[in-house]
Amino acid sequence: MGNKGNIVFAEPETTTKKKAKQMSWIMLDSHGQGAYIDANKYEIIRRVDINARDLRILDPLLSYPSTILGREKAIVLNLEHIKAIITADAVAFS
């Protein structure tokens with residue numbers, strides 16, 4: 001019964017949280033003013049007010065067929081190399 005009074009401390013596990021991948025977007029507002037931004041999916045969700053599942057069709061790592069989703073506040077468009085989110089106030093192209 002070897003270990004009398006020895007305390008062994010375990011090292012805490014280092015969990016690395018994956019960061020969302022940045023994508024390049026061109027944002028056009030209702031006045032035609034354009035801006036080039038790098039944003040992750042959480043920033044895009046906040047800007048255009050859509051669900052995360054709707055952004056899944058725009059992910060270049062997943063293979064989805066050409067798709068047009070009509071949602072309450074936006075249209076999400078994936079046509080081969082053209083990826084866009086269209087709202088009443090702005091259009092975002094990737």
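As the structure is a computational prediction, the values presented were derived from the model and not from experiment. These values consider heavy atoms only, across backbone and side chains, with no hydrogens, waters or symmetry-generated copies.
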> Can you check whether Lys73 reaches Ile50 side chain to side chain, under 4.5 Å on heavy atoms?
Replying inline: no
> Hey, what do you get for OG1 (Thr67) to CZ (Arg56), rounding to the nearest 0.5 Å?
Replying inline: 12.5 Å
> Are Ile68 and Ile82 co-members of a hydrophobic cluster defined by side-chain heavy atoms under 4.5 Å apart?
Replying inline: yes
> So, for Ser94 and Ser24, which heavy atoms are closest and what is the spacing to 0.1 Å?
Replying inline: OG-O, 3.5 Å
> Would a distance-only check, ignoring hydrogens and angles, find a side-chain to backbone donor-acceptor pair under 3.5 Å from Asn40 to Glu43?
Replying inline: yes
> Can you tell me how far CH2 of Trp25 sits from NZ of Lys83, rounded to the nearest 0.5 angstrom?
Replying inline: 9.0 Å
>> I need the single residue from Val76, Ile44, Val48 that forms a side-chain contact (heavy atoms from CB on, under 4.5 Å) with Leu55. Which is it?
In response: Ile44
> Are Ile37 and Phe93 in one and the same hydrophobic cluster, where Ile, Leu, Val, Met, Phe, Trp and Tyr link if side-chain heavy atoms are under 4.5 Å apart?
Replying inline: no
What pairs of donor and acceptor atoms, side-chain ones from residues 28-35 against any protein atom, are under 3.5 angstrom apart with sequence neighbours left out?
| residue | atom | partner | partner atom | Å |
| --- | --- | --- | --- | --- |
| Asp29 | OD1 | His31 | N | 3.0 |
| Asp29 | OD1 | Gly32 | N | 3.1 |
| Asp29 | OD1 | Gln33 | N | 2.8 |

> Between the side chain of Asp38 and the main-chain N/O of Gln22, is any donor-acceptor distance below 3.5 Å?
Replying inline: no
> Going by heavy atoms in the side chains, are Leu69 and Ile75 under 4.5 Å from each other?
Replying inline: no
> Rounded to the nearest 0.5 Å, how far does CG of Leu58 lie from CD1 of Ile85?
Replying inline: 5.5 Å
